[in-house]
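Below is one structure; the comments refer to it alone.
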Protein chains: 2
Amino acid sequence: MAEPMYRQVAEDLRRQIESGDLAPGARLRSEVELREEYGKDGKEISRNTVRDAIKLLISRGLVETRPGQGTFVMRQVVPFLSRLNMDPEAGDVEGGVYKSEVELQGRAPEVTDPRVEVQAASDLVASHLQLQPGGQVISRHQQRKIDGTPWSLQTTFYPMEFVTRGATQLLMAENFKDGMVKELEASLGIKQVGWRDTIIARPPTGNERTFFDLSDKVQVAVFEFRRTGYDEDGNPVRFTVTVYSADRNQFEMRAGRIPG
Amino acid sequence: MAEPMYRQVAEDLRRQIESGDLAPGARLRSEVELREEYGKDGKEISRNTVRDAIKLLISRGLVETRPGQGTFVMRQVVPFLSRLNMDPEAGDVEGGVYKSEVELQGRAPEVTDPRVEVQAASDLVASHLQLQPGGQVISRHQQRKIDGTPWSLQTTFYPMEFVTRGATQLLMAENFKDGMVKELEASLGIKQVGWRDTIIARPPTGNERTFFDLSDKVQVAVFEFRRTGYDEDGNPVRFTVTVYSADRNQFEMRAGRIPG
DNA sequence: AACGATTTGTTCGTATGTATC
DNA sequence: TGATACATACGAACAAATCGT
């Protein structure tokens with residue numbers, strides 16, 4: 001009796017799921033049936049104990065519950081594969097993620113117009129843009145969807161100084177065909193010649209759960225990509241944060257010579 | 001009464017945490033105190049309702065509970081930063097992650113001797129090594145720690161054919177100073193000239209939870225890096241899967257010219 | 001070392017609400 | 001509409017871990 005009952009039940013169900021006895025999409029026995037199934041000596045276990053076991057499986061991302069229907073083994077969604085582009089000459093589509101034509105084949109990407117704000121820089125933004133904490137920055141925020149499915153949240157920060165130097169495009173709530181990096185080159189002569197990316201995986205915030213349509217119940221992480229771009233003098237040009245839901249995204253990188 | 005009580009309580013506590021009223025590491029009021037605090041008209045709410053609220057916060061990674069002590073706001077650990085190396089000439093330390101000297105300064109990495117097995121290839125392994133499903137492969141598995149903290153689990157797969165062609169080092173349960181990639185070049189003349197990486201974030205398996213010492217309670221993801229290496233003829237040389245706990249790891253990539 | 005107080009963990013029972021078929 | 005299934009909320013009892021006396 002070392003293991004609590006609810007863990008024993010969860011462990012047994014987990015085994016059935018991972019062995020394939022319970023296939024993805026399959027319905028588990030109802031809570032009432034499981035009470036009977038795991039009882040001993042004709043004595044049922046409590047419905048609450050069954051529910052505790054199911055909660056443990058939910059927290060591990062193995063099952064989901066649907067009121068009025070039952071408990072179901074989670075289906076694996078086919079992840080969307082994005083190429084991380086390491087060539088500074090090849091443009092900078094989607095703020096750090098290069099969507100190859102093949103991968104987007106037949107898919108319908110949508111991008112909202114940016115929400116533009118002037119803000120005091122957070123510590124994170126200030127350090128990446130080498131500003132004083134609290135210095136003024138432009139933030140441009142966009143939401144992206146693919147085939148109607150929420151795909152990414154992206155915010156890019158630029159020093160306020162760029163506007164006073166003449167890059168008034170930064171304040172316009174619209175997308176530019178060749179991207180803001182090219183706009184800055186045209187209007188200020190600032191050319192991005194390199195960047196540094198940091199990749200993080202973490203639990204989603206409340207806003208992110210809402211946008212990505214993640215119920216409180218599912219246990220998923222989000223990717224956070226932070227990209228700092230630099231000009232020829234080594235000064236930061238912009239700082240971009242992009243968030244992706246980890247359950248429907250994978251990223252690919254290539255190095256050297258590979259086939260295909 | 002649209003929102004269930006346990007969510008209202010969780011939401012209020014979340015606000016206190018994110019506003020800083022409850023700092024990282026701080027102890028929440030005990031369950032008994034919270035019963036009183038969120039009751040109305042002198043009537044306390046049930047302890048189970050308080051506990052449901054706390055479970056919700058746990059699942060979001062905001063707090064942790066310690067028996068006999070209380071519930072505490074989660075502390076953010078300082079993540080370990082690894083550089084992803086995109087230069088095929090610069091070696092391939094740590095199976096895909098290049099640990100710069102600076103980042104390892106003062107840290108003590110430990111690597112177990114590999115556990116070597118001959119296995120039938122899974123579908124995943126077979127497809128990356130371009131073998132028939134069920135074909136024989138060598139698997140070499142290692143665990144890595146830094147300063148005693150579990151850091152990564154790594155398994156590399158090689159075609160069994162390499163052994164019959166003379167690369168008997170593949171079967172030795174020891175580490176080679178310059179890495180297996182160099183060994184294959186020396187013994188078979190197979191030179192890795194490029195690779196493809198896939199990056200995934202997902203919930204940890206049971207084994208991974210054990211190795212990384214993640215309790216059932218904390219909601220964290222793991223990074224999974226899959227690297228397929230190719231030789232000059234475009235044939236796969238090896239397939240490496242490395243798993244990192246996402247709560248203590250970040251990854252960095254650089255492109256073009258950047259300062260520092 | 002022992003004990004009691006405090007706090008969280010597990011298990012049960014019960015009632016009622018809401019969603020689905 | 002009724003039956004079924006999960007969701008919320010309450011109460012109760014005992015176990016296990018921790019801490020101070």
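Note on naming: letters A, B, ... go to the chains in the order of the sequence lines (proteins, then strands), and numbering restarts at 1 for each one. What you are looking at is a predicted structure, and each value in this text was computed from that prediction instead of being measured.
- Using a 4.0 Å cut-off, some side-chain N or O of A:Arg51 falls inside it from OP1 or OP2 of D:dA7.
- With respect to the salt-bridge test (charged N to carboxylate O, under 4.0 angstrom), the residues B:Glu208 and B:Arg202 qualify.
- A salt bridge does not link B:Glu252 to A:Arg226: none of the charged nitrogens lies less than 4.0 Å from a carboxylate oxygen.
- Checked against C:dG9, D:dA12, D:dA9, the side chain of B:Met5 finds its nearest nucleotide in D:dA9.
- Applying the 4.0 Å criterion to OP1 and OP2 of D:dC6, one finds that A:Thr65 has every side-chain N and O outside that range.
- Every residue two or more places apart in sequence or in another chain that forms a salt bridge (Lys or Arg N to Asp or Glu O under 4.0 Å) with B:Asp12 is listed here: B:Arg15.
- The main-chain N or O of B:Ile45 is found under 3.5 Å from a side-chain atom of B:Arg35 such that the two form a donor-acceptor pair.
- The number of heavy-atom neighbours closer than 6.0 Å to CD of A:Glu174, taken from other residues, nucleotides and ligands shown, is above 12.
- A heavy atom lying under 4.0 Å from DNA chain D marks none of the residues of residues 21-33 of chain B.
- Without hydrogens or angle criteria, B:Arg27 side chain to B:Gln69 main chain gives a donor-acceptor distance under 3.5 Å.
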Restricting to nitrogen or oxygen on both sides, can you table the protein-nucleotides 13-21 of chain D pairs closer than 3.5 Å?
none

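- Judged as a side-chain contact (heavy atoms from CB on, under 4.5 Å), and not counting sequence neighbours, the contacts of B:Glu110 are B:Lys145.
- Overall bending of the helix from C:dA2-D:dT21 to C:dC21-D:dG2, expressed as the angle between end axes built from five pairs apiece, is 10° (10° steps).
- The salt bridge (Lys or Arg N to Asp or Glu O under 4.0 Å) check on A:Arg115 picks up A:Glu117, with sequence neighbours excluded.
- Between A:Thr49 and C:dT10 there is no side-chain N or O to OP1 or OP2 distance below 4.0 Å.
- Listed candidates were D:dC6, D:dT8, C:dT10. Nearest to the side chain of A:Arg7 is C:dT10.
- Because its NZ or CZ atom is both nearer than 6.0 Å to the ring centre of B:Phe72 and within 45° of the ring axis, B:Arg66 counts as a cation-pi partner of that residue.
- Side-chain polar atoms of A:Ser245 and A:Asp247 form a donor-acceptor pair below 3.5 angstrom.
- In terms of phosphate contacts, A:Thr71 brings a side-chain nitrogen or oxygen within less than 4.0 Å of OP1 or OP2 of D:dC6.
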